[in-house]
Amino acid sequence: MDEMAYSINGENIHYGTPRNPCAPDRVPGGSSSGSAVAVGAKLVDFSLGTDTGGSVRVPASYCGIFGFRPSHGAVSESGVIPMSQSFDTVGWFARDPMILSRVGGVILQLPDVAPPIRPTSIIIAEDCFQLSSTPFDVVTGTVIKAVEKLYGGDVLKPEILGDYVKTNVPSLKHFMSKDNTDQIYNIPSLAALSSAMRLLQRFEFKNNHGEWISAVKPDLGPGISERVSDALRTTGENIDICYSIKRELHDALSALLGDFGVLMIPTVPGPPPKLQTNTADLEIFRARAFSLLSIAGVSGFCQVSIPLGMYNNLPLSISLVARHGADKFLLHLVESLYDSIEDRKQHIIEHKL
């Protein structure tokens with residue numbers, strides 16, 4: 001794993017980088033890289049990982065497997081070294097939705113039998129897909145067709161999530177940038193959400209580990225050392241606003257989704273970066289990734305990353321997000337939907353042949 005779980009790349013200067021089974025010249029994603037690679041390489045049926053900023057969802061996407069981030073607080077973190085308590089979760093990986101759901105049943109202590117519930121809406125965050133370097137139709141096509149087949153087209157609803165968040169999370173104005181950045185690469189309200197999440201993460205990381213780092217002065221690798229140094233310089237300024245943003249986003253997304261609505265977003269803004277990509281380029285990708293990852297992270301909602309096969313010989317995924325506490329519903333939905341997604345993928349393959 002990445003040192004101190006403080007990266008989404010999965011590279012470790014001391015112990016090496018687990019090889020991505022889908023794309024050996026690309027990073028496996030982190031911080032739970034070993035866990036994801038073990039599942040992707042078919043060494044195990046499932047594995048555990050922690051997800052604070054994206055450390056299950058990202059490696060799941062990069063390694064072509066399922067990754068589940070549960071609702072914040074749904075799984076006990078007893079015995080887990082904290083990174084940032086406002087966002088820490090214990091998640092898991094699997095290669096198929098049945099095992100994903102069975103593992104979830106045990107970890108979340110769910111009853112064995114629960115009838116699947118039809119989603120009231122599947123909201124496509126159209127602006128979020130503009131953050132992705134993969135064409136919109138490629139990412140969403142098979143999933144939309146599967147939804148239409150199972151539930152009809154009426155449940156699909158487009159949304160400009162950035163505008164909705166800007167309107168309904170007023171405390172974000174404290175983090176909004178004044179720059180007129182190109183909209184395709186930047187959704188201002190989600191960039192602000194990411195900034196708030198990362199500030200609170202740095203603050204809590206410092207409280208958890210600052211004393212140890214200052215005393216021991218560990219030899220940290222590139223990227224990690226700069227991030228840890230930033231964390232150690234963090235003050236309590238604007239931290240109260242971060243907590244307000246968490247509450248406001250939770251309420252705003254609860255209103256948008258209702259009990260059984262789902263938000264469809266890209267898991268990450270593109271395929272896994274190449275190994276040894278320079279730090280500056282990685283930071284640009286990372287900033288866009290956190291605009292997406294912070295949606296579930298800050299709200300505390302549950303999210304599943306679903307593999308969609310390969311595109312240009314690189315793994316492709318999509319994510320579904322459901323309200324806090326709707327973990328069982330989301331796991332059942334993925335089971336129901338994935339058969340249709342697989343059928344659709346097979347149809348496309350046969351059509352191409």
Side-chain angles (χ1 to χ4, degrees), residues 8 52-54 57 69 71-73 83-89 123-132 157-207 227 230-258 261 263-266 268-269 283-303 319 321-324:
I8 55 170
T52 301
R57 292 163 288 167
R69 174 194 166 94
S71 298
H72 188 254
M83 186 195 187
S84 173
Q85 291 89 326
S86 290
F87 309 110
D88 290 346
T89 61
I123 296 169
I124 303 167
E126 291 186 338
D127 53 334
C128 290
F129 286 95
Q130 291 184 331
L131 290 174
S132 175
K157 295 177 171 51
E159 181 69 60
I160 306 302
L161 189 67
D163 290 351
Y164 180 85
V165 168
K166 183 179 178 180
T167 302
N168 292 283
V169 187
S171 294
L172 271 181
K173 65 179 181 288
H174 297 280
F175 289 92
M176 294 286 274
S177 170
K178 304 295 187 288
D179 300 338
N180 291 318
T181 316
D182 189 337
Q183 277 288 112
I184 291 187
Y185 299 106
N186 178 50
I187 300 169
S189 62
L190 297 188
L193 194 65
S194 167
S195 296
M197 181 178 83
R198 290 199 275 179
L199 173 61
L200 183 51
Q201 185 180 22
R202 288 194 297 270
F203 179 73
E204 293 183 343
F205 179 89
K206 176 187 176 180
N207 288 343
R227 232 161 278 146
D230 286 346
L232 296 191
R233 288 193 295 270
T234 304
T235 67
E237 187 181 359
N238 290 334
I239 295 301
D240 286 347
I241 296 168
C242 294
Y243 290 122
S244 297
I245 289 168
K246 275 174 62 69
R247 288 190 296 272
E248 290 169 11
L249 184 68
H250 177 281
D251 293 347
L253 292 184
S254 296
L256 178 67
L257 298 181
L263 184 66
M264 187 190 298
I265 59 173
V268 285
E283 282 303 316
I284 294 167
F285 186 87
R286 190 170 179 268
R288 288 164 60 200
F290 277 111
S291 289
L292 300 168
L293 297 165
S294 61
I295 296 164
V298 177
S299 65
F301 282 25
C302 50
Q303 179 176 341
S319 269
V321 178
R323 67 168 172 83
H324 186 274

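Note that the structure is predicted; figures quoted are calculated from it, not measured.
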**Item:** Pro266 side chain near Ser319 side chain, heavy-atom distance below 4.5 Å
**Value:** no

**Prompt:** Looking at Ile265 and Leu292, what are the two nearest heavy atoms and their distance?
**Reply:** CD1-O, 4.0 Å

**Fill in**
Taking every heavy atom of Arg323 against every heavy atom of Cys302, the minimum-distance pair comes out as O-SG, 3.6 Å

**Request:** To the nearest 0.5 Å, tell me how far Met197 CE sits from Ile245 CD1.
**Result:** 12.0 Å

**Prompt:** Got a sec, which residues hit side chain to side chain contact (heavy atoms under 4.5 Å, CB included) with Ala289, two or more places apart in sequence or on another chain?
**Reply:** Ile8, Pro269, Leu293

**Residue pair Leu263 / Leu257: nearest heavy atoms and the distance that separates them** = N-CD2, 3.8 Å

**Request:** Would you mind reporting whether Thr52 and Thr89 have side-chain heavy atoms less than 4.5 Å apart?
**Result:** no

**Asked** Are any non-hydrogen side-chain atoms of Phe290 and Leu190 less than 4.5 angstrom apart?
**Response** no

**Message:** Between Ile295 and Leu161, is there a side-chain heavy-atom distance shorter than 4.5 Å?
**Reply:** yes

**Complete:** Scanning both residues in full, the closest heavy-atom pair of Glu126 with Pro158 reads OE2-CB, 3.4 Å

**Item:** Which residues share a salt bridge (Lys or Arg N to Asp or Glu O under 4.0 Å) with Glu283, sequence neighbours left out
**Value:** Arg227, Arg286

**Asked** Between the main-chain N or O of Ser299 and the side-chain N or O of His72, is there a donor-acceptor pair closer than 3.5 Å?
**Response** no

**Asked** How about Asn238 and Phe175: do any of their side-chain heavy atoms sit closer than 4.5 Å?
**Response** yes

**Request:** For Lys246 and Leu200, run side chain to side chain contact (heavy atoms under 4.5 Å, CB included): C-alpha distance rounded to whole Å, both residues' side-chain angles, the deciding distance at 0.1 Å, then the answer.
**Result:** CA-CA 10 Å; Lys246 275 174 62 69; Leu200 183 51; 3.9 Å; yes

**Item:** Pairwise side-chain contact, Lys166 with Met176, heavy-atom cut-off 4.5 Å (strictly under)
**Value:** yes

**Prompt:** If you measure from CD1 on Ile160 to CD1 on Ile187, what distance do you get to the nearest 0.5 Å?
**Reply:** 8.5 Å

**Request:** Verify side chain to side chain contact (heavy atoms under 4.5 Å, CB included) between Thr234 and Phe205, making sure each step is shown before the conclusion.
**Result:** CA-CA 10 Å; Thr234 304; Phe205 179 89; over 6 Å; no

**Message:** For Ser291, give me all partners under side chain to side chain donor-acceptor pair (under 3.5 Å), at least two apart in sequence or on another chain.
**Reply:** none

**Any residue meeting side chain to side chain contact (heavy atoms under 4.5 Å, CB included) with Asn168, in chain and number order, not counting sequence neighbours** = Tyr164, Ala252

**Request:** Quick one: closest heavy-atom pair of Ala191 and Asn186, and the distance?
**Result:** CB-OD1, 3.2 Å

**Complete:** Residue set satisfying side chain to side chain contact (heavy atoms under 4.5 Å, CB included) with Ser254, at least two apart, ordered chain then number -> His250, Phe301

**Sequence neighbours excluded, every pair satisfying side chain to side chain donor-acceptor pair (under 3.5 Å) that has a member inside residues 188-205** = Ser84-Glu204, Ser86-Glu204, Ser194-Arg198, Glu204-Tyr243

**Message:** Test side chain to side chain contact (heavy atoms under 4.5 Å, CB included) on Glu159 and Leu256; report intermediate values, then the result.
**Reply:** CA-CA 10 Å; Glu159 181 69 60; Leu256 178 67; 3.7 Å; yes

**Request:** Compare every heavy atom of Cys242 with every heavy atom of Ala196, then report the nearest pair and how far apart it is.
**Result:** O-SG, 3.5 Å

